[in-house]
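Below: the structure, in structure tokens.
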2 protein chains.
Amino acid sequence: MRQSNLLATTLREAPAEAETVNHQLLLRAGYIRQLAAGIYTYLPLGRRVLRKIETIVREEMDAAGAQEMLMPSMQPAELWKASERYEVYGKELMKLSDRHDREFVLGPTHEEVITSLVRGEVSSYRKLPITVYQVQTKFRDERRPRSGLMRGREFLMKDAYSFDTRWEGLDETYSRMYKAYQRIFDRCGLVYRAVQADAGAIGGEGETHEFMAISGIGEDTIAVCSACDYAANLEQAEVHAEAEAEAVQRNASTLPAAEKFHTPGIRTVDQLEQELQIEPEQVIKTLIYQGGGKIFAVLVRGDHEVNEVKVRNYIGASEIALADSKTVQAAAFVESGFVGPVGLTLTLLADQAVAAMSEGITGAGERDFHLRHVVPGRDFTLEHVADFRTAEEGESCPVCGKGVLHFQQGIEIGHIFKLGTKYSEKLGASVLDATGQSKPMIMGCYGIGISRLLAAVAEQNNDGQGLIWPAALAPYQVHILLMSVQDEVQTAAAEALYEQLAQLGIEVLLDDRDERAGVKFKDSALMGIPVTIVVGKAAAEQKVEYMDRRSNSKEVIGITEAVSRITSGRTVEG
Amino acid sequence: MRQSNLLATTLREAPAEAETVNHQLLLRAGYIRQLAAGIYTYLPLGRRVLRKIETIVREEMDAAGAQEMLMPSMQPAELWKASERYEVYGKELMKLSDRHDREFVLGPTHEEVITSLVRGEVSSYRKLPITVYQVQTKFRDERRPRSGLMRGREFLMKDAYSFDTRWEGLDETYSRMYKAYQRIFDRCGLVYRAVQADAGAIGGEGETHEFMAISGIGEDTIAVCSACDYAANLEQAEVHAEAEAEAVQRNASTLPAAEKFHTPGIRTVDQLEQELQIEPEQVIKTLIYQGGGKIFAVLVRGDHEVNEVKVRNYIGASEIALADSKTVQAAAFVESGFVGPVGLTLTLLADQAVAAMSEGITGAGERDFHLRHVVPGRDFTLEHVADFRTAEEGESCPVCGKGVLHFQQGIEIGHIFKLGTKYSEKLGASVLDATGQSKPMIMGCYGIGISRLLAAVAEQNNDGQGLIWPAALAPYQVHILLMSVQDEVQTAAAEALYEQLAQLGIEVLLDDRDERAGVKFKDSALMGIPVTIVVGKAAAEQKVEYMDRRSNSKEVIGITEAVSRITSGRTVEG
């Protein structure tokens with residue numbers, strides 16, 4: 001490809017709304033352009049990278065025995081109502097009506113379509129197991145699209161679905177897909193980690209893992225054990241039950257009764273700590289939530305944070321949120337700074353650390369008053385005790401108990417789920433097993449965000465000058481910079497090298513623009529092609545400069561040597 | 001691939017709504033399934049064919065110097081309002097609003113997006129010419145989706161766009177794309193023809209050609225000259241002006257005055273013909289149309305039909321339609337059977353054959369009366385005379401004048417347009433030319449219906465038993481039928497052959513199902529894989545049956561011979 005003809009304009013500055021490095025560089029280097037918030041065009045350079053990722057994904061899916069198919073983006077809304085996800089997805093679901101006012105959604109995922117399809121195609125266990133996949137544009141009406149391709153409203157996904165008659169079969173497929181995902185991310189040159197995760201709106205009954213590209217811009221926090229191989233999304237990371245057991249052995253009869261005291265204007269744990277000279281772990285925070293059609297209270301220690309995912313899963317609601325002040329007032333008869341569990345008529349979910357406290361300080365349920373000597377189990381019920389808080393860095397590992405948890409930020413690039421029979425039961429997808437009994441199919445689903453993966457690779461591979469593509473994903477392998485298009489010797493040498501490499505099947509981009517050398521070097525570093533060959537004055541002696549983008553090394557070598565280095569695959573990834 | 005594991009169920013009967021052969025066979029053979037009207041899932045077999053077409057299209061586009069990119073499906077409605085196509089497309093445009101009530105359309109085509117993108121990327125003529133393309137899902141809210149993939153609401157397209165500073169540059173790109181299209185359709189094994197066409201809602205100022213797959217189910221009629229290479233869509237086919245010149249030389253002074261006569265209840269040309277014993281070519285039909293904000297009359301000879309596309313283009317309206325009876329009454333003061341041009345106060349568009357008539361019979365503009373001896377130019381004005389009628393089979397060719405026109409039915413599989421500056425002017429996409437002057441870019445656009453092409457190939461390649469894929473598009477090259485899975489010798493031979501072919505890179509499907517031989521033969525013929533290898537009793541002597549799907553030939557040969565035939569590419573297409 002000749003750069004004079006390439007639809008890719010480099011920009012000196014990224015638009016102000018681009019806050020992450022990958023977003024800035026992909027815009028500046030001419031890989032993508034925004035059409036509307038969260039909606040991007042892939043320019044030719046970006047499309048090439050995307051296609052390489054697609055190819056890697058297809059090869060690994062095919063190798064794992066998955067069959068490619070293609071389902072529609074437009075899905076009848078009835079299907080989503082049948083699976084009870086029409087409401088769960090809420091405003092994130094893009095909805096439209098056709099000219100006959102029939103309702104459709106633009107698929108963010110395809111569990112409904114594939115389950116209803118397989119229901120019609122497969123009636124006997126002998127056709128199973130089956131795993132299918134597709135590479136397809138998905139839609140999600142993000143409230144706040146951001147970080148370029150990271151959280152878009154239209155994006156490219158690989159989604160796969162497996163069907164089995166046996167749970168062990170699901171385990172096998174799940175494990176095969178897990179390994180295929182590792183190979184995909186390895187081939188893309190990503191630094192990543194598989195972590196235990198929450199199933200969210202996809203749901204399911206079994207295990208689920210997220211694949212996280214490690215990055216400071218990641219929206220997810222992952223907790224990793226220093227000793228064993230435990231790693232989990234923080235929203236999922238369990239708290240080691242024993243870590244909470246340090247509390248004094250409770251002997252309610254020897255403790256004084258709860259006592260109300262005056263705390264004018266003291267509404268937060270911080271204020272309590274300062275005004276009363278106490279430690280936050282002596283406080284029991286009471287937070288009023290609503291969700292799943294209920295209003296309820298969650299109790300955590302003053303130094304802990306509620307983990308809403310754990311609460312949501314315990315409650316069985318699709319979404320929960322802190323109650324607004326009006327709701328708090330109506331439910332607890334006091335403003336939120338003074339709410340406490342004693343005498344509260346709501347369901348109380350007590351974190352296991354609260355249950356382990358000998359006594360604590362809480363709101364009194366009365367404006368400007370708190371209670372001390374509040375004993376869990378004596379002064380309020382402990383009907384619902386579980387792990388409701390977010391794990392903290394440095395805590396002991398919930399699995400081995402020996403290591404401590406370290407935190408990293410991650411970008412979710414893949415997610416695999418053991419769905420079980422959630423969809424097959426709702427949509428009636430059953431098969432006759434070997435004994436002639438009708439059984440719901442056992443499903444798994446497996447997603448990779450292809451466009452997000454591109455962004456994650458860009459985020460992990462760059463320097464102050466621009467992008468640095470791994471060879472497997474680079475839009476071109478070699479970038480020839482012709483220093484002076486006016487110089488006949490240089491032009492002839494660059495053209496000959498370009499033709500030679502192209503004929504050898506090397507993807508090569510020739511910067512044949514009538515631009516200054518400085519512009520060409522800058523643009524080349526920005527674009528991030530693995531090998532740059534500078535054809536300048538030394539061309540008269542059949543020499544060129546060979547530059548490795550990743551190591552930033554430069555070397556003047558003969559043209560023949562340059563060709564043989566390139567064709568022997570000795571690029572930076574080699 | 002093992003058929004026991006393939007997600008493809010063959011159906012004995014196609015659903016009743018499938019009326020065309022391709023639709024019936026693609027459903028029955030397990031290539032596609034309907035999700036909603038005009039919205040289809042591609043099962044693994046269908047996806048494989050689709051991918052092969054995509055690959056051919058990409059190869060030829062790349063070879064023609066086009067750069068692949070990918071634009072979004074969701075397009076801001078403002079862009080379509082800026083190009084004034086929001087209304088033109090009308091109800092066929094799929095519309096949706098996001099959670100912030102911003103309006104979007106789901107792109108049926110991408111002129112607006114690419115023009116506004118290139119406007120921002122290219123400012124100098126030195127970057128041009130550029131041709132870009134994408135392979136993408138498109139949406140169109142068809143009033144009546146039909147014929148399976150032929151006229152769907154969600155479909156796969158290749159669309160390309162070219163930008164130039166010179167009209168000759170557009171001519172060159174257009175010609176290069178024309179040839180690339182020929183190569184694509186040749187490689188897909190289609191019987192097709194390029195025809196002159198109407199630009200429709202895409203519009204533009206220059207030439208436009210449709211590529212038509214010849215087929216009796218085609219919704220388009222094409223007119224082809226028996227002598228020269230003239231071929232045109234019937235809606236575009238010109239009428240040879242001289243063909244109309246057979247009229248008697250008019251001498252208005254010697255003709256009697258127009259004369260009103262009583263024709264009670266006679267409203268149609270047919271009735272006039274029968275009641276008055278005249279020929280239809282003696283009648284002048286007057287049809288009232290509305291469109292482009294006007295009401296006007298079109299006059300054609302009694303034996304001719306109005307060509308609405310020609311009228312629409314003459315008027316410069318995006319759509320026209322016959323006026324309803326109320327409008328006719330209000331505009332012509334009489335019901336439609338008795339409307340005539342004499343005394344009518346509407347604009348009259350007279351077909352050139354009407355202008356050539358010495359005299360004619362028309363409605364009198366009064367209920368139950370007609371006029372005879374009506375002389376065009378004497379009794380009504382001939383301000384707007386042009387070719388307004390549909391050409392008829394057997395007429396002389398408008399180009400060579402020697403041959404006669406023959407009609408064929410065609411399926412539109414590709415369409416290329418010289419857009420000129422239609423979009424670049426409306427959306428302000430200009431470049432500075434070599435003299436520093438700002439000029440609107442000169443554009444072309446080039447579309448191929450990839451999913452429709454699949455259907456067209458299926459429609460042209462089948463027999464009473466099923467599909468017959470050309471090798472270039474077949475989902476697999478070889479179908480091994482293992483006659484008895486209980487027979488160890490047969491099973492071992494089939495498995496060995498399957499492994500051997502797969503290792504040689506041959507795409508092979510092994511029917512390893514526990515089914516009767518009859519079922520396997522039937523399914524295989526339905527699926528239409530070029531070569532079938534039957535592994536039956538002869539396997540004991542290292543022999544198999546080699547079947548060619550297209551010729552239906554069968555031959556018992558040695559397994560080694562079968563392998564060498566297959567690997568030497570001696571399939572039916574070879």
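Numbered from 1 within each chain, the chains take letters A, B, ... in sequence-line order.
Interface residue B:R58: only side-chain heavy atoms are found under 4.5 Å from chain A. Heavy-atom distances place the side chain of B:E154, and not its backbone, under 4.5 Å from chain A. Neither the backbone nor the side chain of B:I32 has a heavy atom closer than 4.5 Å to any heavy atom of chain A. Contact annotation for A:F104: only side-chain heavy atoms (C-beta onward) come within less than 4.5 Å of a heavy atom of chain B. For B:L6, the parts lying near chain A are the backbone and the side chain together; criterion is any non-hydrogen pair under 4.5 Å. Neither the backbone nor the side chain of B:F163 comes within less than 4.5 Å of any heavy atom in chain A.
Nearest heavy-atom pair, A:M69 versus B:Y42, reported as atom, atom and distance to 0.1 Å: CB-O, 3.1 Å. In terms of heavy-atom proximity, A:S73 sits nearest to B:F139 at CB-CZ, 4.0 Å.
Between the side chain of B:E121 and the backbone N or O of A:A8, no donor-acceptor pair lies under 3.5 Å. Between the A:D141 side chain and the B:D98 main chain, no donor and acceptor come within less than 3.5 Å of each other.
Near-neighbour residues of residues 126-136 of chain A relative to chain B, defined by a heavy atom under 4.5 Å from a heavy atom of that chain, comprise A:R126, A:K127, A:P129, A:I130, A:V132. Using a 4.5 Å cut-off between non-hydrogen atoms, the part of residues 45-55 of chain A that approaches chain B consists of A:R47, A:L50, A:R51.
Rounding to the nearest 0.5 angstrom, the gap separating the CG atom in A:L79 from the CG atom in B:L35 is 6.0 Å. Atom CG of B:L43 and atom CG of A:L70 lie 10.5 Å apart (nearest 0.5 Å).
With chain B as partner, the option from A:T137, A:V118, A:L11, A:L117 having the largest number of non-hydrogen pairs under 4.5 angstrom is A:L117. Taking chain B as the reference chain and counting heavy-atom pairs below 4.5 Å, the highest number among A:E68, A:R153, A:E92 is found for A:E68. Of the listed residues (B:Q3, B:R33, B:R513), the greatest number of heavy-atom pairs within a distance under 4.5 Å of chain A belongs to B:R33. If you tally non-hydrogen atom pairs under 4.5 Å between each of B:R102, B:R143, B:M71 and chain A, the highest count goes to B:R143.
In this structure, A:R516 places its CZ atom where only 12 or fewer heavy-atom neighbours from other residues, nucleotides or ligands lie under 6.0 Å away. Residue A:E59 qualifies as enclosed at atom CD: its count of foreign heavy atoms under 6.0 Å is above 12. In this structure, A:K81 places its NZ atom where more than 12 heavy-atom neighbours from other residues, nucleotides or ligands lie under 6.0 Å away. Dense packing is recorded around CD of B:E17, with more than 12 heavy atoms of other residues, nucleotides or ligands lying under 6.0 Å away.
The shortest distance between side-chain heavy atoms of A:V113 and B:T41 falls below 4.5 Å. Contact annotation: the side chain of B:M1 approaches that of A:Q67 to within less than 4.5 Å [non-hydrogen atoms, C-beta and beyond].
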request  = Would you check, one step at a time, whether the test side-chain contact (heavy atoms from CB on, under 4.5 Å) holds for A:M94 with B:L96?
outcome  = CA-CA 8 Å; A:M94 289 276 189; B:L96 76 160; 3.9 Å; yes

Practice problem: Starting from the C-alpha separation in whole Å, work towards a yes-or-no answer on side-chain contact (heavy atoms from CB on, under 4.5 Å) for A:V122 and B:L7. | Solution: CA-CA 8 Å; A:V122 175; B:L7 184 58; 4.0 Å; yes

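Ion pair B:R99/A:E142 not flagged as a salt bridge, since none of the NZ, NE, NH1 or NH2 atoms sits closer than 4.0 Å to an Asp/Glu carboxylate oxygen.
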